[in-house]
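Here it is, the structure in full.
This chain uses plain numbering: 1 for the first residue, then up along the sequence. Counting starts at 1 for both ligands and their atoms, following the listed order. Computed from heavy atoms alone, side chains included, the values below leave out hydrogens, waters and symmetry copies.
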Amino acid sequence: MIDNRKCIGCHACTVACKAEHEVPVGVNRTWVKYIEKGIFPQTTRHFSVMRCNHCADAPCVEICPVTALYRRPDGIVDFDNRRCIGCKACMQACPYDALYIDPQNHTAAKCNYCAHRVDLGLEPACVNVCPEHAIVSGDLQDPASEIAQLVAREQVTVRKGEKGTDPQLFYIDGDAASLDASRTQAAADYLWSSQESGVGHFARFAEQRKGGRDGSPVGERRQVPPPEASAEEARRVYDAPDKGVLWGWEVSGYIWTKALSAGLFLAPFLLSRAAEASAGVWSACLGAALFFLALTGALLVKDLDKPARFAYVLLRPQWRSWLVRGAWIIGAYAILLTLLLALALSQWSWGEAMLRPGGAVALLMILTALAAAATAAYTAYLLAQAKGRDLWQSPLAVLKMFLHAPLAGTAALALASPWIPLPQGWIWLLAWMLSATLLLHLALLGLELTTPHATRDASRAAEFILRGRLAPAFWGGAVVCGGLIPLALLLGHTSSLFDLFGWALPLAGLLVLVGLYFSEHAWVRAPQWIRLS
Ligand code: SF4
C-alpha cells in the first residue's frame, strides 16, 4: 500500500530497488511520478509510486507462453528469467506498464515484491528504506496486520480497476490524474523530460525510428492531447522513459503473412466448389501457403529478444496463452498443408478424390480448411489478452482477422492469375469474391475506427490512425491504394469497362495485398503509442 499523505517524492524507494536487484540504467522496477496542477503561484505537486500491482487476476501471467511469469501461493506475481523468451507479450498485457526488458539479459523483469527477502521474513527493500513509512507491505488476509487495517479504515483506490485485474496495490489519497496516464499530457518540455527520448535498452531503437529516439511519436502525443487537457489542468513533470513500440513491423508482417498463408488454402478450397482445379494449381497454392507460413514462423522468432529459446513455447507451454495455442494451430496447419502438398505433387486425382463422399482426402481438405480458419483468426484472441492495449479489445477483431484470409488469398490468386492456369470458372468468381471480401474489410475498418470506443485510450489510438501520424499510411495505403482503386479495377474487370489488356485483376490483387499490410501496420502500431503509466 502506498500512503500518498506521507510520500515526499524522494526516490529512495527507486534507488533501493535499483541497488537490491541491480536494475540497469534506463529501466525501473519502481519509480515516482510527479504531476502538477494549477497555474503559478497556485500550484500543487502530487507524487505517485508506480510499480507492479501484483494483480490477483494478472493478465501478464495469463499471456506468458512459457510460465516465466507466475503467481505464488502468497499472492506475489514473480518471474523466472531463465524461462523468458523475450516475446514482450506481458508488456502488452500489463495495463500498468510495470514490466521492462532487461537490457543486459534481454528478458522481462519487474517488481517481484523482493520475494527473496520476504522468504527470509524481511520486508521489501523499498519499504525498508522509505523515510516516511509511506509504503506498507504485509498480509492483507491477516486482519491484525497494519496493511489490512489501513485498507479497511482508509479510503483507498487502485489503478485502472475497470481492467478487471484485481490489483493488490492500494493507494491512500491516490490522485486520479496521477494514477491514470491518459489524464496528463506527455509534453517534452519539463524537468527530466529528456528521458522521454529513451535510454538504456530502449535507446537501441533510436536510429531505427522517427519521432522519439525510442520510437514513440513524441510530437504525435502533443498533436492529439487528451480531450480535457489544458494548461490549468494536471501535467506530468517527472516520469519514466516511454518504452515506445514493442511489437514493430515483424508483428504487422506476421499477421499479414499468416493471413496470406491461410487464404492461399481457403480461397482455392472455396473456389473449387465451383470448378475443380488441377493438381498443378493446387501444388502452387499449397506450396505458396507453406512458404508464407514458414515466413510467419521466421518473423515470430525474429521478434523475440531470446530467439534461441523459441522452442520453449512448444516444450514448456502455458496453455492459457494464445501464443502457445497459436503456435500449435500453426504447427497443425503446416503438417496438413505438407500432407496435401505431397498428395498434389504425386499427381493425385484431385477432382474425384475431393468429391468422393467420406473420402480420406475430402476429410483432409476439411480439416485443413478448419486449421486455416483457426490460423487466420487466433491472433484476435491473442491481442485480446493484451489488456494494456484498448483498441485491440475490439469485438470485431475475430471477424476481421478471419476475413483477412479469404481477402489475402483471393488477392494473391488474382495477382498470380496471368501466370498460373486457373480454371476458367474461377476468374469471374475470383473477381467477385475479392470485391465482396474487400468491401466487407473496408466496412469493418470503418466500423472499428469510427464507432464510439469503450475507453479514452481506444479512442486516442483510433485518432492516431484517422487523423494522426498514421493517417497518410492509413488513408493513402489502406483505404485508397488498397481499397478504392482495386474496387474500381475489379468493377472494370467484371463489367469489361476498361480491362482491355487483362491487367485489372492482377493489379487489383497486388494493391489489395499492399493495402492490407498498411491496415495491419496501423492496427498493430497505434495502440502502442498510448502511455500506460
Ligand atoms: Fe504486475 Fe502488470 Fe502483471 Fe498486474 S499485469 S501483476 S501490474 S506486471
Side-chain angles (χ1 to χ4, degrees), residues 1-2 13-14 17 21 23 27-33 48-81 83-102 107-115 118 124-127 135 137 140 156-171 174 178-182 201 239-243 246-247 305 318 320-323 382-390 392-393 455 457 527-528 530-533:
M1 199 203 60
I2 311 291
C13 51
T14 309
C17 175
H21 299 280
V23 179
V27 288
N28 298 294
R29 293 189 181 199
T30 184
W31 58 283
V32 188
K33 178 177 172 181
S48 285
V49 176
M50 298 283 163
R51 56 179 53 181
C52 171
N53 291 234
H54 296 278
C55 307
D57 190 1
C60 59
V61 172
E62 183 175 300
I63 205 170
C64 176
V66 289
T67 59
L69 281 149
Y70 57 95
R71 193 162 189 266
R72 302 190 347 165
D74 61 5
I76 294 174
V77 177
D78 205 348
F79 66 94
D80 182 349
N81 60 17
R83 297 180 194 169
C84 180
I85 58 172
C87 67
K88 302 172 284 287
C90 53
M91 298 172 74
Q92 307 283 18
C94 174
Y96 311 102
D97 197 20
L99 293 122
Y100 60 90
I101 292 287
D102 188 304
T107 56
K110 67 174 194 69
C111 159
N112 74 338
Y113 206 85
C114 285
V118 170
C126 57
V127 178
I135 308 175
S137 70
L140 282 165
V156 293
T157 185
V158 294
R159 289 170 70 193
K160 300 185 187 172
E162 72 281 1
K163 286 285 178 187
T165 56
D166 199 359
Q168 297 297 296
L169 175 66
F170 299 91
Y171 292 84
S178 185
L179 297 181
D180 181 351
S182 69
H201 171 68
D239 62 5
D242 186 356
K243 296 180 180 111
L246 304 167
W247 284 348
D305 277 36
Q318 191 279 102
R320 283 192 301 156
S321 169
W322 275 96
L323 268 168
L382 170 63
L383 294 181
Q385 281 189 325
K387 284 203 173 148
R389 311 299 179 190
D390 289 5
W392 292 347
Q393 311 301 313
T455 67
D457 284 356
Q528 299 184 67
I530 305 291
R531 286 200 71 145
L532 301 176
S533 65

Query - For Q528, all residues meeting side chain to side chain donor-acceptor pair (under 3.5 Å), sequence neighbours excluded - result: Q92
Query raised in the report: Regarding Y96 and R51, is there a side-chain donor-to-acceptor distance under 3.5 Å anywhere?
Result: no
Query - Heavy-atom side-chain proximity of L323 to Q318 below 4.5 angstrom - result: no
Query - Pair R71 + D57, salt bridge at N-O below 4.0 Å - result: no
Query - Under-4.0 Å heavy-atom contact with ligand 1, by part of L69 that carries it - result: neither
Report task. Could you tell me whether D97 and R531 make a salt bridge, using a distance below 4.0 angstrom between a side-chain N and a carboxylate O? Result -> no
Query raised in the report: Does the separation of the ring centres of W322 and W392 fall below 6.0 angstrom?
Result: no
Query raised in the report: Counting each atom of ligand 1 from 1 as listed, which ones have a heavy atom of L99 under 4.0 Å away?
Result: 8 (S)
Query - Flag side-chain contact, heavy atom, 4.5 Å: K160 against P167 - result: no
Query raised in the report: Hey, which protein N/O/S atoms does atom 4 (Fe) of ligand 1 have under 2.8 Å?
Result: C55 SG
